[in-house]
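Naming convention: chains lettered A, B, ... in sequence-line order (proteins, then strands); numbering from 1 in each chain.
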Amino acid sequence: MSECVFQRYRHHVLAVVRELLPDVAEETLARVELTPTRDPAHGDMATNAALLLAKAARRKPADIAADLVAALQKVEGIAAVAAAGPGFVNITLQPGVLRAVLPVVLGVGEAYGQSQAGRGVRVNVEYVSANPTGPMHVGHCRGAVVGDALANLMAKAGFDVTKEFYINDAGNQVKALAWAAYWRYLQVLGTTMAQDDFSALAPGGLQYQGDYLIPVGEALAAEFGNKLAEVGVDGTPLPAPDATWLQTVRGFAVTHMLGAIKEDLAALGVHHDVFSSEADVLARGVTDAAIDQLAKADLLYNGVLEPPKGKLPDDWEEREQLLFRSTSFGDDVDRPLRKSDGTNTYFANDIGYHMDKVARGAQVMIDVWGADHGGYVKRMKAAVKALTGGAVPLEVLLCQIVHILRDGQPVKMSKRAGTFVTLRDLIDEVGRDAVRFTMLTRKSDAQMEFDLDLVVAQQRDNPVFYVQYAHARCRSVLRSAAEEGAYGAVDNAGLASAALDSLTSDAEMALVRRLAEWPRMVEAAALAREPHRIAFYLAELAGDFHALWNRGRDDASLRFLQTGAVEATRARLALVAATATVIRSGLAVMGVDPVEEMR
RNA sequence: GCGCCCUUAGCUCAGUUGGAUAGAGCAACAGCCUUCUAAGCUGUGGGUCAUUGGUUCGAAUCCAAUAGGGCGCGCCA
């Protein structure tokens, strides 16, 4: 039996419908919903069945609704049924059915809401995938949080989730990183060479001039001494031919940068299961195999592309190149797979990488990207569709830009001005939990304003605080009850057996209803790939709890702890403990730690 | 020029995949609170869901066009 009351009663509704209308197609039945009502006056739940079936049955919705009402009245646990509006059927449950959610929550704990809806389908969620050329900056933050929460959410909804990070360690960027690290190495060795002279040697000039590469230069010197350099006539270290050091330094620098990124991710509470290397995928021949497969399917050709409209690149020249027919799969133009120097484009390697994910067993791939990669979505989906025939869908979640505000004014990201640019700075300023929660308070395809003052404010309108405060209040009540020692066992196991008949007020039942919605919320959010819904659910749950708490302000008899009334108090404590449990369950999906008390 | 995303109350945003009278917080207004549970509480007002057309029993939600904002547009990743 499902722990989700909506799912249970949906089955009741379907059983009644099948009896009433035996000929209705299964796919029509699949669209029958049983949803919480928005207005409590409409009962606890409502179904659209009559509206949905009217056409198939060639009857008026109101007639079907009337039949449903008559049949549903006999179902166990239903206190009242009524047809309403254009053909809805509203159901009011016996209070005991709703209250029964409390022992369920207390019994399974934070696992409450765990669903089998995903049926163990293997989902690969790839997120962050920052270039290993430096520490993470705030631009990476939203994707990291959204991807991590989405992966947690889908795991809770019953998918078999792999969290993956793609390391772009095969392109020109990491070559430039190697040159920059090599320059720091030469400096550590005491070179007298001028930076401009070195910059002239490096392809594309000297990039990545931040201080963060100094430790890498020092580590290179500690490990290799002066073996990677040449010694000039005056004994000063000079650059050696890059063939003698580039590969070594590149691997060394990438390892260091990846270590820094992993530290940043750990500070954010993000942990990936798999780190995949672009260079490794390439070396194993996966990319070549994918390109071969495209060639055999006659999806590659040599051709010349039109120049892009709008701004023309300065160095534009017509050139024939190897193109993939992505237009056959919904893209706007065909896309190149080879650069002029004969090496693969990033796109070509990314095709290989996605095929590697498929080879490792992914049945659904979800990539979390920044908005600046929006123009890349169609071609990647086209390639995956061409190679898997649609058997393994690729979904892309784009995270729009985050604007950081202080005092309502945009914060300019500038190293020179001393305003922060790194993810670590952001975490240090407002804290990991505030960063994670706040990043989930908007749907990811909308731009977001991140107000540094608001996210740490202890006010009603800060959902981070509001939710944490609700949990702290729950814990505070339970601590007080334990200290008084007059209410028996007040842990979850002890409270699971509490008699609950005394929970009857609107505020109490509203909270019970909200707790009953949690499993449904998990499934809906996971199927929609919308982890932000969890944040909003928790804010509403916290609101219900605070409302209940506030009743006790004016009327002492409505407080949770009632000296002398052990039975009634235990019922209320069960409600409080269940609320705390669901808040923890939700925060766990978001990767936020619950607090025991506010300070 | 083309593609993708966004536009909901004065402000910041939700809206359970097409359902009933479109919601929450802030701000505004009215009242309460000298802390046994006020890092506040109760209530009120506030809307052409950017605009126009379409799809149907029903549209903020789906489709098309228009306006405004954002992101992007061979050989970067």
Look at the side-chain N and O atoms of [X] and state whether any lies under 4.0 Å from the OP1 or OP2 oxygen of [N].
X      : N     : value
A:H532 : B:G15 : yes
A:R38  : B:A20 : yes
A:N131 : B:A77 : no

Just wondering, do [Y] and [X] contact through their side chains at under 4.5 Å, heavy atoms?
X      : Y      : answer
A:K339 : A:N172 : yes
A:M380 : A:W369 : yes
A:T287 : A:I351 : no
A:I366 : A:E126 : no
A:N48  : A:V32  : yes

[N] versus [M] - spacing of their [atom1] atoms, nearest Å:
N     : M     : atom1 : result
B:C2  : B:C11 : C1'   : 35 Å
B:A14 : B:A24 : C1'   : 7 Å
B:C49 : B:C5  : P     : 23 Å
B:U8  : B:C62 : P     : 16 Å
B:G23 : B:G47 : P     : 13 Å
B:U7  : B:A60 : C1'   : 11 Å
B:G10 : B:A27 : C1'   : 7 Å

Check this for me: does the side-chain of [X] come within 3.5 Å of the base of [N] through a donor and an acceptor?
X      : N     : answer
A:Y469 : B:A39 : yes
A:N90  : B:A20 : yes
A:R553 : B:U35 : no

| A:R529 with A:E395: basic N within carboxylate O range, under 4.0 Å |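 So A:R529 pairs with A:E395 through a salt bridge.
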
Carboxylate-amine/guanidinium proximity below 4.0 Å for A:R442 and A:E449: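 The answer is no: the pair does not qualify as a salt bridge.
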
What does [X] touch in the nucleic acid at a heavy-atom separation under 4.0 angstrom: a base, only the sugar-phosphate, or nothing?
X      : answer
A:A371 : sugar-phosphate
A:Y537 : nothing
A:E33  : sugar-phosphate
A:R338 : nothing
A:M521 : nothing

Out of [options], which nucleotide sits closest to the side chain of [X]?
X      : options             : result
A:T345 : B:C76, B:A20, B:C75 : B:C75
A:I401 : B:G74, B:G70, B:A39 : B:G70
A:R460 : B:G74, B:G40, B:U16 : B:G40
A:D372 : B:A77, B:C71, B:C57 : B:C71
A:N168 : B:A39, B:C36, B:A77 : B:A77
A:E278 : B:A77, B:A39, B:G72 : B:A77

Extract all donor-acceptor atom pairs below 3.5 Å that involve side chains of residues 530-538 of chain A and protein atoms in other chains or at least two apart in sequence.
residue: A:E530; atom: OE1; partner: A:R533; partner atom: NE; Å: 2.8
residue: A:E530; atom: OE1; partner: A:R533; partner atom: NH2; Å: 2.9
residue: A:Y537; atom: OH; partner: A:R514; partner atom: O; Å: 2.6

Can you label the angle between the A:F465 ring and the A:Y469 ring as parallel, tilted or perpendicular, going by 30° and 60°?
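Correct class here is parallel.
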
Residue whose closest nucleotide on RNA chain B lies nearer the 5' end, A:G552 versus A:A46
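Counting from the 5' end, the first nearest nucleotide belongs to A:A46.
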
- Item | Comparing A:E317 and A:H403 on RNA chain B - which has the more 5′ nearest nucleotide |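 Comparing both residues, the 5'-ward one is A:H403.
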
Rounded to whole Å, how long is the line connecting atom [atom1] of [X] with atom [atom2] of [N]?
X      : N     : atom1 : atom2 : result
A:L53  : B:G58 : CG    : C1'   : 16 Å
A:M257 : B:A77 : CE    : C1'   : 17 Å
A:K60  : B:G58 : NZ    : P     : 16 Å
A:D331 : B:G74 : CG    : P     : 13 Å
A:L282 : B:A77 : CG    : C1'   : 15 Å
A:I91  : B:A20 : CD1   : P     : 17 Å
A:M45  : B:U16 : CE    : C1'   : 13 Å
A:Y466 : B:A24 : OH    : P     : 12 Å

Would you tabulate the nitrogen or oxygen pairs shorter than 3.5 Å linking the protein to nucleotides 4-13 of chain B?
residue: B:C5; atom: O2'; partner: A:D445; partner atom: O; Å: 2.5
residue: B:C6; atom: OP1; partner: A:D445; partner atom: OD2; Å: 3.4
residue: B:U12; atom: O2'; partner: A:R442; partner atom: NH2; Å: 2.8
residue: B:C13; atom: O5'; partner: A:R442; partner atom: NE; Å: 3.0
residue: B:C13; atom: O5'; partner: A:R442; partner atom: NH2; Å: 3.2

(message) For a quick check under 3.5 Å, do A:D367 and A:H373 share a side-chain donor-acceptor pair by atom type?
(response)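 Absent: no donor and acceptor within the cut-off.
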
Between A:Q173 and A:Y346: side-chain donor-acceptor atoms closer than 3.5 Å |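 Note: A:Q173 and A:Y346 side chains miss the donor-acceptor criterion.
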
Pairs under 3.5 Å (Watson-Crick or G-U), crossing ones as [ ], inter-strand ones as |: RNA chain B comes out as (((((((..((((.....[...)))).(((((.......))))).....(((((..]....))))))))))))....

If you take all heavy atoms of A:K378 and A:D332, which pair is closest and at what distance?
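Shortest heavy-atom contact: NZ-OD1, 3.2 Å.
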
Would A:H42 pass as stacked on B:A20, i.e. its ring centre under 5.5 Å from the base's six-membered ring centre and planes under 30° apart?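 Yes, A:H42 stacks on the base of B:A20.
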
Subject >> B:U12, syn or anti by chi within 90 degrees of zero >> reply: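 That one's anti.
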
Sole residue of A:L541, A:V101, A:L511 in side-chain contact (heavy atoms from CB on, under 4.5 Å) with A:V582: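 Of all the options given, the one that passes is A:L541.
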
